[in-house]
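So the structure is just underneath, and the comments pick up after that.
Keep in mind the model is a prediction, meaning the values are calculated, not measured. Naming convention: chains lettered A, B, ... in sequence-line order (proteins, then strands); numbering from 1 in each chain. Excluded from the calculations below are hydrogen atoms, water molecules and symmetry mates; all remaining heavy atoms, backbone and side chain alike, are included.
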Number of protein chains: 2
Amino acid sequence: MTTISVLLVDDHTVVRSGLKALLGTQADIAVVGEAASGEEALEAAQRHQPAVVLMDLAMGAGMDGIEAIKQLRQRTPQQAIIVFTTYDSDADIVRAVDAGAMGYLLKDAAPEEIFAAVRGAVQGKSVMSAPVASRLFQQLRHPDEILTPREAELLSLLTQGLSNRDLGKRLFISEATVKTHLAHIYAKLGVETRAAAIATAIRREGMR
Amino acid sequence: MTTISVLLVDDHTVVRSGLKALLGTQADIAVVGEAASGEEALEAAQRHQPAVVLMDLAMGAGMDGIEAIKQLRQRTPQQAIIVFTTYDSDADIVRAVDAGAMGYLLKDAAPEEIFAAVRGAVQGKSVMSAPVASRLFQQLRHPDEILTPREAELLSLLTQGLSNRDLGKRLFISEATVKTHLAHIYAKLGVETRAAAIATAIRREGMR
DNA sequence: GGCCGTATCAGCCAAAAGGTGGAGAGACCA
DNA sequence: TGGTCTCTCCACCTTTTGGCTGATACGGCC
């Protein structure tokens with residue numbers, strides 16, 4: 001039996017020590033490092049060379065989880081990344097999978113679920129919490145309602161109340177492009193105004 | 001030195017074991033029980049008679065944290081309650097304090113902060129995370145940021161994505177009046193656009 | 001009675017957002 | 001190779017929203 005080395009990435013000390021305590025009960029799993037930000041995660045992944053990275057998506061200031069996943073996939077592609085976060089937002093799931101995440105767990109997952117995900121990840125299996133799987137399934141049934149990664153990214157910023165101009169600056173695209181994306185988002189969400197899109201996104205998609 | 005008994009209430013297994021691990025490092029603090037819901041919390045508080053209850057506000061289905069606090073204050077008033085949650089929403093803070101919480105910690109709090117809060121609570125001291133204190137302070141300094149009933153009503157409809165015209169129809173007032181109310185709401189919320197107002201309202205005021 | 005807060009309405013102007021239609025580049029795939 | 005998807009950009013036009021100023025009316029309150 002080989003020991004599976006795991007790196008924990010979460011800005012909450014409490015969550016890190018909880019995961020450490022839980023994973024510590026398993027003989028075949030060992031936490032080899034911790035990081036509290038995306039930047040730290042890249043450094044720690046390089047240094048500890050874990051088999052699995054358990055990562056939160058929301059991490060206060062600095063690099064966000066999605067960006068960290070992308071960079072990790074580039075630098076240390078042999079490491080399996082499992083997202084471990086609080087919300088099952090459609091957009092986050094799409095973006096995380098797109099960025100290269102192997103699994104997607106919610107923080108209220110049972111310990112057994114977490115163990116299974118870690119063990120599965122090293123074998124190339126995707127493990128996700130039931131609510132996440134259900135959302136993905138629903139998306140498959142309505143393929144024309146799936147937001148593209150770029151649209152999801154834009155929607156996420158939209159829910160923070162940014163104007164078209166600000167969205168453009170933030171994403172390094174023109175205002176015209178922002179409007180195009182927005183029109184597509186509205187069509188997919190089935191709304192007509194940005195106000196309704198924000199309301200729908202925050203409530204239905206669990207964005208915050 | 002007396003040992004401080006603590007009850008943990010959180011629906012996330014990971015968070016409970018993290019707190020347990022952290023608090024376990026302190027000789028004068030002992031976790032005497034855990035609960036994953038408001039209902040369980042009431043039962044556990046009765047049975048274990050802890051000196052301090054560390055409680056999350058958001059707890060999936062069933063009784064929410066605020067309701068649990070109220071009930072605990074009634075049944076076991078000698079126990080100090082510390083809120084331990086992810087968000088520093090104005091509405092949540094006010095409601096928690098109103099319900100009888102002694103302290104308010106965010107989940108990204110440093111371990112020392114958590115220890116200090118637990119020790120302070122048994123001595124009747126209120127300990128809160130810096131961002132929380134800052135918000136409370138702001139509220140005290142800007143009492144004119146409280147929405148009038150009519151404004152709150154309008155804001156609530158606004159978060160459903162309605163246009164000014166629709167808001168007017170729904171509230172039986174002219175569009176001009178809607179705009180007046182909106183201007184006041186924006187000023188009070190400290191935003192400039194309806195998009196930002198919706199985002200702020202749903203997130204900060206806990207509207208949904 | 002006068003002051004203040006709240007709720008109602010108007011008009012004007014500038015800015016932002018939304019609708020329509022079109023188009024090119026690159027990736028991917030059958 | 002041709003089709004499809006995604007992302008990017010443009011122009012033109014209409015509608016909506018926001019900023020500003022000002023007004024009336026009702027109910028407490030000192």
Side-chain angles (χ1 to χ4, degrees), chain A residues 66-67 70 73-74 90-91 93-100 139-202, chain B residues 142-202:
Chain A
I66 300 286
E67 183 57 33
K70 283 184 193 163
R73 293 305 297 161
Q74 281 193 351
D90 285 354
I93 297 172
V94 170
R95 290 170 63 210
V97 170
D98 192 63
Q139 292 217 330
L140 283 179
R141 302 205 323 180
H142 302 285
D144 50 345
E145 286 177 14
I146 301 177
L147 298 182
T148 68
R150 192 58 159 173
E151 285 163 0
E153 196 179 358
L154 207 138
L155 179 58
S156 160
L157 289 174
L158 186 69
T159 63
Q160 309 187 8
L162 277 68
S163 67
N164 289 348
R165 185 173 308 169
D166 292 338
L167 290 171
K169 281 183 187 163
R170 191 74 83 85
L171 298 175
F172 304 107
I173 57 180
S174 79
E175 216 176 313
T177 306
V178 170
K179 290 172 106 179
T180 304
H181 283 311
L182 282 181
H184 293 159
I185 291 173
Y186 296 164
K188 289 181 180 179
L189 293 185
V191 300
E192 269 119 45
T193 66
R194 82 167 35 210
I198 293 172
T200 303
I202 296 184
Chain B
H142 302 288
D144 53 342
E145 283 178 12
I146 299 172
L147 298 181
T148 69
R150 193 58 160 172
E151 285 163 359
E153 194 179 359
L154 209 139
L155 180 58
S156 160
L157 289 175
L158 188 67
T159 62
Q160 316 198 355
L162 277 68
S163 68
N164 289 348
R165 188 172 306 168
D166 291 337
L167 289 170
K169 281 182 187 166
R170 191 74 82 85
L171 297 175
F172 303 107
I173 56 180
S174 79
E175 218 176 310
T177 308
V178 170
K179 290 174 89 176
T180 304
H181 284 310
L182 282 181
H184 293 158
I185 291 173
Y186 296 163
K188 289 181 180 179
L189 292 186
V191 299
E192 269 118 46
T193 66
R194 80 168 38 209
I198 293 173
T200 303
I202 297 184

Query raised in the report: If you look at every strand shown and take non-hydrogen atoms under 4.0 Å, does B/Glu192 touch a base, only sugar-phosphate, or nothing?
Result: sugar-phosphate
Report task. Hey, could you give me the CG/CD1 distance between B/Leu158 and B/Ile198, rounded to the nearest 0.5 Å? Result -> 4.5 Å
Report task. Please report the closest heavy-atom contact between A/Arg194 and B/Ala195, naming both atoms and the distance. Result -> CD-CB, 3.9 Å
Query - Whole-Å distance separating the CG atom of A/Leu182 from the P atom of C/dA17 - result: 9 Å
Report summary line: note: A/Leu167, atom CG; C/dA17, atom P; distance rounded to Å ~ 8 Å
Report summary line: Students should find that the nucleotides of DNA chain D closing off the region near chain A, any atom under 4.0 angstrom from a heavy atom, are D/dT6 to D/dC10
Requested in this report: Provide, to the nearest angstrom, the distance between the CD atom belonging to B/Glu175 and the P atom belonging to C/dG11.
Outcome: 12 Å
Query raised in the report: Quick one: A/Leu189 CG to C/dG18 P, roughly how many Å, whole number?
Result: 13 Å
Query raised in the report: Counting any heavy atom closer than 4.0 Å, what does A/Thr180 reach on the DNA or RNA strands: base, sugar-phosphate only, or nothing?
Result: base
Report task. Could you check if a side-chain atom of A/Ile173 sits within less than 4.5 angstrom of a side-chain atom of A/Arg150, using non-hydrogen atoms only? Result -> yes
Query raised in the report: Considering heavy-atom distances to DNA chain C, does A/Ala183 or A/Leu162 have its closest nucleotide positioned more toward the 5' end?
Result: A/Leu162
Report task. Rounded to the nearest angstrom, tell me the gap between atom CD1 in A/Ile173 and atom C1' in C/dA25. Result -> 16 Å
Query raised in the report: Would a 4.5 Å heavy-atom cut-off, applied to side chains only, mark B/Glu151 and B/Leu189 as touching?
Result: no
Report task. Quick one: label B/Thr177 by what it contacts on the DNA or RNA (base, sugar-phosphate, nothing), any heavy atom closer than 4.0 Å. Result -> base
Query - Side-chain heavy-atom pair B/Leu171, B/Leu154 within 4.5 angstrom cut-off - result: yes
Query - Rounded distance in Å - NE2 (B/His184) to P (C/dT8) - result: 12 Å
**Report entry** B/Arg150 vs C/dA7: side-chain N/O to OP1/OP2 distance below 4.0 Å
**Finding:** no
Query raised in the report: Hey, does A/Ser174 reach any base, or is it just sugar-phosphate, or nothing, if we go heavy atoms under 4.0 Å?
Result: sugar-phosphate
Query raised in the report: Closer to the 5' end of DNA chain D via nearest nucleotide, is it B/Asn164 or A/Pro149?
Result: A/Pro149
Report task. Would you mind reading off the distance between B/Leu154 atom CG and C/dT6 atom P, rounded to a whole angstrom? Result -> 15 Å
Report task. Please report, rounded to the nearest Å, how far the P atom of C/dA7 is from the CD1 atom of B/Ile185. Result -> 10 Å
Query raised in the report: For A/Ala199 and B/Gly161, which heavy atoms make the closest approach, and how far apart are they?
Result: CB-N, 4.3 Å
Query raised in the report: Given that B/Ala176 and A/Ser163 both sit by DNA chain C, which one's nearest nucleotide is further toward the 5' end?
Result: B/Ala176
Query raised in the report: Does the side chain of A/Thr180 pick up a donor-acceptor pair with the side chain of A/Thr177 at under 3.5 Å?
Result: no
